[in-house]
Structures are given as C-alpha cells and as structure tokens.
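Protein chains get the first letters and strands the later ones, always in sequence-line order, with residue 1 at the start of each. No experiment lies behind these values; they were computed from the predicted model shown.
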2 protein chains.
Amino acid sequence: MAQRKTNRTTISDVAALAGVSVSAVSKIVNGKGSFPEATRARVLWAADRLRWSPSAAAVALRGAKTRAIGMVVNRAPDLLNADPHFALLIAGMESELAPRDYGLLLHIVGEHPEAEERAYRRLADERRVDAVVLTESRVNDPRAALLRDLRMPAVLIGTPWRTHPIPAVEAADREQGMKDAVDHLVDLGHRRIAYVSGPEDRVHTGHRRRTFTDRLHHHGLLPSHTLASDFAARTTGAAVTQMLLDDSPPTAIVFANDMMALAGISAARRLGRDVPGDLSVVGHDDLPLGQLLHPQLTTIRQDLDHMGRAAALSLLRHLGEEDTPPPPTVTPPQLIIRESTAKAR
Amino acid sequence: MAQRKTNRTTISDVAALAGVSVSAVSKIVNGKGSFPEATRARVLWAADRLRWSPSAAAVALRGAKTRAIGMVVNRAPDLLNADPHFALLIAGMESELAPRDYGLLLHIVGEHPEAEERAYRRLADERRVDAVVLTESRVNDPRAALLRDLRMPAVLIGTPWRTHPIPAVEAADREQGMKDAVDHLVDLGHRRIAYVSGPEDRVHTGHRRRTFTDRLHHHGLLPSHTLASDFAARTTGAAVTQMLLDDSPPTAIVFANDMMALAGISAARRLGRDVPGDLSVVGHDDLPLGQLLHPQLTTIRQDLDHMGRAAALSLLRHLGEEDTPPPPTVTPPQLIIRESTAKAR
DNA sequence: CTGAAAGCGCTAACAA
DNA sequence: TTGTTAGCGCTTTCAG
C-alpha cells in the first residue's frame with residue numbers, strides 16, 4: 001500500500017501563495033469581479049507558478065458543466081478502419097474544441113443498438129459530457145427519442161429527421177454534387193448509369209438515391225440499377241459483380257463513398273472490366289486516397305472538416321459559450337472530375 | 001433566462017425511494033458492505049427505476065479517479081485522414097474500456113509541440129483522466145519527462161525509450177515481419193532493395209531501418225537506397241521518384257506504412273514503371289485497403305487491434321482495476337504476400 | 001472591494 | 001447491520 005497521498009495543488013494553495021482568499025482567486029481566474037491590477041497580477045502569477053488549473057471534477061460538480069462533448073460511433077471497427085471518414089470529422093471538431101478547453105469523449109460501439117444506447121445513457125446519467133454530436137441520421141433512429149428523453153443537447157451532422165427536428169449541420173446545397181455527377185456522366189454519353197448506395201437505414205441513403213434518380217429523369221433516363229450495400233468491401237463487390245453480369249450492365253456507377261468505389265473498381269477488374277474504359281466510376285467524400293489510385297478517382301467532395309467545425313461551434317453556442325463565432329457555412333458537395341470517368345463506348 | 005433547474009436525480013432520491021440511507025445505497029451499488037438480500041434488491045430496484053448512475057464528477061472529486069483514459073494524437077488532420085492506423089488502435093482500446101465503463105478522452109493536436117504539451121498538461125492539471133496512452137515514441141521525446149513531471153500513469157504503444165523506461169506494449173518479435181519481407185524479396189531475385197522510412201524522429205524508424213539493413217547484410221547485400229519521408233503522399237512520391245531516376249534504381253522498395261506504399265506505387269506509375277513488373281512494393285500495417293488495390297498489396301501486418309486492447313488492459317491493471325485480465329500477447333508483425341511483389345527481371 | 005461559508009453528489013470514517 | 005457526517009475542490013451568494 002503506497003502512502004501516495006495525492007497532494008494535488010488546489011485553489012487554496014494559490015490563494016495562500018498570493019496572499020488572498022480562495023474566492024478572490026476563483027473570481028480573478030474566471031474574470032468575474034473587479035480587482036486592483038496588483039492583486040490580479042499576483043494571483044495569476046501564483047497560479048502559473050504552481051501550475052494550477054481548476055479540477056474538472058470540482059468545476060463540473062459545482063456548476064454542472066463538464067466542458068466535454070461526447071461522440072459515439074456505431075460502426076464496426078474494421079469498417080471504421082477502412083473508412084477514414086470519421087477521423088476528419090473528429091479532427092474538424094477538435095480544432096474548434098481544443099482551443100476552448102473542451103474535451104471530446106469518444107465511444108466506439110459496434111452496430112449493436114443496445115451498446116449504443118448504453119453509451120449515450122452513461123454519458124448522460126453520469127454527466128460526463130455537456131452535449132453530444134451525432135452523425136448519420138438513420139431512419140426511425142432510436143437516438144432521437146433517447147436524447148430527448150435524456151435531455152441531452154445534441155447536434156446532428158447530416159440530414160435532420162422530419163419527426164424529431166434537431167439542430168443539424170449540413171452542406172448548403174446538398175444535392176449539387178450528385179446532380180453534377182449525373183450530368184457529367186450523361187455528358188460523357190452514358191445511358192445506363194447505376195447507383196450503389198449505403199445501408200438503407202441511413203437517412204441520406206434515400207435522399208441521395210432520390211436525387212440521383214430525379215436527375216436521371218431530368219435527362220429522360222431511368223436508373224440502370226440501384227443496389228444497397230453496407231459499407232463493407234465484400235458486399236459492395238458482390239453488388240457490382242451482380243450488376244455487371246446483368247444482361248444490360250451499367251456503363252457507369254456512382255457510389256455512396258470512396259471506399260465503396262474502390263471496392264467496386266476492384267470487383268469490376270476481377271471481371272476483366274477496365275475502369276474507366278469499360279466502366280466509369282464516381283465516388284463520394286474525396287478522401288486523399290483517391291488521388292493515389294490509378295485511375296485517380298472522380299468523386300463528390302464533402303467538406304468534412306468544416307462539418308466537424310460547424311458541429312462543434314453550434315454546440316458551443318448552444319451551451320452558452322461566449323465568444324463563439326457562428327458556425328461556418330459548409331461548402332456544398334462538389335464534383336471533382338479526375339480519371340475514373342470517361343466517354344461511354 | 002429559463003428556470004431550468006437541473007433537478008438531476010441523486011443518490012438521495014434513490015435512498016428515499018428505497019427507504020434506506022444514502023450510504024447504504026453507495027455501499028450496495030459499489031458492492032461494499034453486506035446487506036440483507038431484501039435491502040439490496042430494493043436499492044437496486046430503486047436505482048434502476050430512477051435510472052440513476054453516480055455522477056462522474058462527484059465520484060472523481062471524491063476519489064480522484066475519473067474512469068477516463070486520455071489519448072493525444074499529434075498528427076496533422078489530413079494525414080490522420082489519409083491513414084486509418086489510429087482508428088483501429090482506438091477501436092481496440094475501446095473494446096476493453098467500454099465494458100468497464102471507462103471513457104476515452106481524445107485530443108487531436110497538429111504537429112505543434114506546444115499544443116501537444118498543453119493537451120497533456122490540461123489532462124493532468126484538470127484531472128480529467130486517470131492515465132494516458134501514448135503512441136509512436138519519438139527520439140528525445142519530450143513526453144517522457146513531461147508525463148513523469150505530471151505524475152501521469154502512461155503506457156506506450158510502440159518501442160519504449162531507453163532513457164525513460166515506461167510500460168509499453170509491443171509485438172512479441174517486432175523484427176520478424178521485416179526480416180521475412182527482406183527474405184521474400186531476396187528469394188524473388190531482388191538485389192537492389194530500398195527502404196522508405198517514416199520521419200526520423202520516430203524511434204521505430206531507426207529500428208526498422210536497422211532491421212532492414214541487417215537482414216540485407218545477412219544476405220550479403222547493401223541497401224540500394226534508404227530515404228526518410230514524412231507520412232505525406234507528396235513527400236513519399238518525391239522520394240520514390242528520386243530513387244527511380246537514379247543510375248541504378250532499386251527493383252524493390254519496402255515502405256513504412258501502407259499509405260506510403262500506395263503513394264509510392266502511384267509515383268512509380270507516373271514514371272511509367274509497372275508494379276510489380278518493374279518494381280516490387282511492400283507495405284506495412286495491412287490496412288483493408290490493401291486488398292482492394294491492383295495489384296493487391298504485399299505488406300507487413302501489424303496487430304493494431306490487439307495493441308489497442310493490450311494498452312487499455314495494461315493501464316487498467318496499473319490503475320488497480322479489478323478483474324482485469326492480463327494484456328493479450330500481440331501477434332508479431334507478419335508478412336502477407338499478395339501481388340505487389342514479383343520476381344526481379 | 002474582499003472574505004467567509006454554504007453546498008454540488010458522493011464515499012468512507014465513525015457512531016449507534 | 002445501518003445511519004450520520006465530514007469533507008473532496010470549486011463557485012457564489014452574502015456579510016464585512
């Protein structure tokens with residue numbers, strides 16, 4: 001049994017060193033009262049010398065604000081690993097949170113609804129965070145009711161639910177990228193264009209497919225095929241294989257993200273199809289990866305960094321954090337034309 | 001000003017509902033004293049009915065344990081985004097932390113030493129976490145002294161420092177993969193083999209390069225080229241271009257990670273070199289990505305999931321957490337032979 | 001303008 | 001066996 005008395009330096013140590021009361025220290029550090037400059041300086045000096053920062057626990061206990069934001073990611077580890085999507089979102093949030101001394105409490109749960117619910121409940125019941133960031137709204141998303149129930153402030157990155165309005169950050173014109181992609185393919189002479197979407201339970205899956213279909217209609221065309229995939233390479237590959245072996249296979253495929261596009265290209269090649277010679281491919285997200293591929297990936301760029309930032313700022317404002325600038329507008333999804341799309345033969 | 005009195009349910013609400021004292025609730029919930037089964041049951045029922053969990057802040061304030069682990073990642077967002085390495089590490093940690101009700105507080109700072117130091121200091125001074133996980137030990141790593149200074153328990157994922165011993169998780173035989181890779185290339189008839197390493201400040205950079213060089217010696221060979229790169233695609237591409245334009249260019253290159261290998265392949269192709277026809281390539285990590293490339297990537301697999309798990313368990317044991325199994329052994333780096341390596345011409 | 005004192009929700013001595 | 005109580009470190013009235 002070590003004698004390890006923690007002996008943490010506390011506010012009273014600072015007060016003692018500065019020769020003032022603890023309440024004076026508290027007020028000065030938090031910029032509350034008005035004190036003679038000499039006192040202020042001495043207190044600040046003492047705090048600095050003792051390397052003192054207020055204990056997060058004590059502050060939280062007193063004021064019920066933890067200065068932490070929660071995020072629970074419900075994607076299986078291997079998919080997470082495969083898809084850097086979240087990392088940039090998180091980095092974007094961090095770049096706004098860190099300078100304001102907010103922390104980010106991260107939980108990665110698999111796609112287990114119970115684990116996910118448990119994670120949110122713990123965050124709320126244990127008062128570990130002041131608010132949470134949600135990503136990827138789902139259809140009949142249990143989180144909507146759950147968070148209302150938990151009275152947990154939240155902002156959603158993605159398409160808000162109809163039934164449970166919630167503050168959300170979304171690109172300004174979320175349909176633009178998809179429209180441009182369809183136009184681009186039609187311009188190249190493609191007439192049989194397919195869409196491989198993400199899982200059906202994501203709200204944006206339906207949205208994007210609808211935009212895709214509508215834009216084809218606009219050109220007097222019908223979707224060649226539309227198939228849903230989870231995000232896994234295997235499933236995506238199977239979907240593409242199936243399409244390509246069809247009697248009238250598509251000459252172009254739009255994918256719901258870049259990793260799926262890559263899996264699609266891989267599957268097409270296994271069938272001996274050349275990209276973009278036999279098949280044009282469009283991705284979604286514009287991961288840096290896309291520029292290293294051969295052919296370089298034509299894709300719909302999402303401004304993930306700004307989405308993360310905007311979500312963080314939106315939350316901070318909601319929490320009454322002062323000096324928080326308004327969330328930046330998020331650049332609309334933008335078609336980046338590279339080498340994976342070419343004239344239809 | 002809303003009247004929003006928080007009105008959180010507290011331990012005394014539970015005590016009242018169960019008709020016992022608060023200390024009884026505390027003890028029963030924490031499995032401390034011995035109580036008649038009837039009392040236990042009533043308390044547990046009440047806690048459940050009120051959906052009560054102890055406030056993390058109060059527990060932390062009282063006992064000085066926060067049940068949270070910190071991690072600060074010092075890689076630039078775009079590199080983070082490009083390289084899924086960290087995501088799997090984090091997922092591995094989470095799978096051990098979450099079931100034990102531990103949280104993971106994540107900070108992503110760029111490669112700014114001051115920001116990094118500040119992040120660790122805040123974690124410690126504000127007592128936000130009980131311990132931290134470090135990754136990628138660096139040469140003259142300021143974190144070693146800093147954490148000792150801060151008296152912050154820590155475990156390192158990677159090669160420990162000589163000068164500042166610290167608990168570390170590392171693969172059992174960390175040289176195996178590299179040796180096998182060199183052997184494999186030599187077997188294929190390669191004689192001019194190069195190595196593109198990560199940044200020189202990483203401890204493992206020197207280690208791996210030494211293993212590479214030593215193993216070549218074992219075969220009576222000298223490294224064709226060794227170049228350091230940061231993790232960025234541009235730098236890596238430039239390094240490869242330089243090597244390939246040399247008078248006696250390498251016929252095979254080993255890279256410090258898969259993303260760099262991909263950047264290398266891309267650069268080689270831009271020069272009109274075929275992989276693996278003109279140049280064999282070996283990566284490191286075995287990201288799922290590697291199997292989707294053409295050619296599929298030959299790589300040295302790292303058991304990132306187990307590294308994350310082991311780090312978490314090691315920390316939990318150190319923190320005196322009961323019922324924590326010993327950290328699993330981490331599978332040694334293993335050469336996975338796929339299509340990006342072929343006979344030297 | 002400054003300081004004393006009352007808790008925030010919880011745990012662990014100490015009493016009963 | 002169970003309950004009472006004194007803080008953990010901080011903020012914030014409320015007196016001085």
Verdict with reasoning, A:R309 to A:E94, per salt bridge (charged side-chain N to carboxylate O under 4.0 Å, His left out): CA-CA 8 Å; A:R309 298 180 106 96; A:E94 266 288 310; over 6 Å; no
Nearest whole Å is fine: how far is C:dC8 C1' from A:K65 NZ?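 The distance from NZ of A:K65 to C1' of C:dC8 comes to 15 Å, rounded to the nearest Å.
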From the 5' end of DNA chain D to its 3' end, which nucleotides mark the outer limits of contact with chain B, defined by a 4.0 Å heavy-atom distance cut-off (strictly under)? D:dT1 to D:dG9
Mind checking side chain to side chain donor-acceptor pair (under 3.5 Å) for [X] and listing every partner two or more places apart, or none if nothing turns up?
X	value
A:R121	A:E117
B:D149	none
B:T135	none

Looking at A:P326 and A:L313, what are the two nearest heavy atoms and their distance? O-CD1, 4.2 Å
Side chains of A:Y102 and A:E321 only: does a donor on one sit below 3.5 Å from an acceptor on the other?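 Yes - a donor-acceptor pair under 3.5 Å links their side chains.
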Where protein sits on nucleotides 11-16 of chain C, one letter per nucleotide: B base, S sugar-phosphate only, - none, heavy atoms under 4.0 Å: BBB---
So B:D101 and A:R122, salt bridge (charged side-chain N to carboxylate O under 4.0 Å, His left out) or not? Walk me through it. CA-CA 8 Å; B:D101 279 1; A:R122 287 216 314 122; 3.2 Å; yes
I'd like to check the side chain to side chain contact (heavy atoms under 4.5 Å, CB included) partners of B:T159; sequence neighbours left out, ordered by chain and number. B:S137, B:E170, B:R174, B:V203, B:H204, B:H207
Mapping B:V20 and B:A58 to their closest nucleotides on DNA chain D, which lands nearer the 5' end?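 With B:V20 and B:A58 compared, the 5'-side residue is B:V20.
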